[in-house]
Amino acid sequence: MLDTIEALHTEGLETLRAVEQPAQLPEWYRTYLGRKGKLTEALRGLGALPADQRPAAGKRVNEVKEALQAAFDAHQDALKAAELEASLATGAVDITLPGRPVAPGHLHLSTRTLRRIREIFAEMGFQVYEAPQVETDENNFGLLNIPPYHPARDMWDTFWVDDQVVLRTHTSPGQIRCMREHHPAPIRVILPGKCYRYEQITPRSEHQFFQVEGLAVGHGIRFTDLIGTLRAFTRKMYGEARRIRIRGSYFPFTEPSVELDMDCMLCGGSGCRVCKHTGWLEVAGAGMVHPVVLANGGYDPAEWSGFAFGMGLERPAMLHHRIEDIRYFYNNDLRFLQQF
Ligand code: DAH
């Protein structure tokens with residue numbers, strides 16, 4: 001009986017070594033280790049042995065079974081590894097093939113416009129001051145000379161967080177923060193950022209939008225400095241041929257207050273659909289900083305003066321690029337974004 005087992009062991013190992021294709025492995029397994037295989041048969045044969053020989057023979061059968069199983073596992077792994085290597089060698093997988101390109105994104109039109117504006121004002125010596133989008137009622141209104149119940153509050157439909165806190169309706173509250181932080185030093189900054197208004201969303205109005213505020217505070221700053229600055233900006237931004245015009249207006253935080261228009265960059269002032277046949281486009285609200293606002297910022301209005309302006313970002317960009325709907329700026333449609 002033991003001889004038969006040893007013979008099976010040798011035979012099993014030899015025939016296994018002869019298996020060269022993974023596909024032949026199951027057949028070998030069935031022959032030796034399967035339920036009707038030669039080893040299982042040998043195990044069954046144990047019952048016919050005299051009782052004193054049974055334990056030794058049983059032990060040996062199990063040892064051989066384990067040895068064959070281990071040999072089978074190792075051979076199977078070796079065949080699989082060889083198969084993979086062969087397929088790599090014959091070029092079934094071409095590792096020199098270039099990868100699929102990752103599509104690079106680019107900056108949003110708003111970001112690019114904002115950067116251009118920053119660049120132009122930087123050349124004129126303006127630094128950037130960033131202020132929070134969630135503001136106190138005081139900064140957004142009160143300290144800008146718009147007390148509670150003042151009718152001018154109707155100019156800004158407001159998102160209220162609670163009765164003291166708002167989502168800023170314009171970038172002007174940054175003026176207060178900047179002055180309080182830097183007085184009594186002179187100031188020359190722009191304050192870009194997102195603003196919010198409680199408005200119905202239409203092709204022409206969004207409840208979120210960008211503004212760029214400007215503020216200069218110093219000794220002897222005059223209205224002509226404001227006009228010169230805005231004219232220089234308009235020409236750099238929209239072309240050297242641009243003309244500007246100033247109209248009287250009203251804002252609580254400036255005195256006097258004006259609106260700045262430029263001639264339409266599409267028709268050159270002769271009138272077209274974009275400028276509604278007026279030849280002019282609105283660019284900014286502006287004025288000389290109101291004495292009350294200067295004082296609220298920590299500057300004595302008897303000694304200091306300043307100018308301020310505020311402009312929207314999306315409207316001029318829409319005119320410039322003939323974008324017909326402001327909602328495109330915020331709904332992340334790649335077909336729109338990829339055009340700029
Ligand atoms: N904050 C104003 C608005 O949102 C725009 C503005 C007008 C800003 C005149 C100014 C200014 O700094 O001087 O309508």
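Just so you know, ligand 1 is whichever comes first in the structure, and atom 1 is the first atom listed for that ligand.
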Parallel, tilted or perpendicular: rings of [Y] and [X] (30°, 60°):
{"X": "Tyr328", "Y": "Phe336", "value": "parallel"}
{"X": "His150", "Y": "Tyr250", "value": "parallel"}
{"X": "Trp28", "Y": "Phe72", "value": "parallel"}
{"X": "Phe121", "Y": "Phe126", "value": "perpendicular"}

Inset, instruction - Indicate if Ile246 and Phe233 have the same hydrophobic cluster label, given that clusters are the connected sets of ILVMFWY residues with side-chain heavy-atom separations under 4.5 angstrom. - result: yes
Legend entry - Sorted by chain and number, the residues that approach ligand 1 to under 4.0 Å with a heavy atom: Trp156, His170, Ser172, Gln175, Arg197, Gln211, Glu213, Phe251, Phe253, Thr254, Gly285, Ala286, Gly287, Ala308, Phe309, Gly310
Inset, instruction - Applying side chain to side chain donor-acceptor pair (under 3.5 Å), name anything that partners Gln208, two or more places apart in sequence or on another chain. - result: Lys194
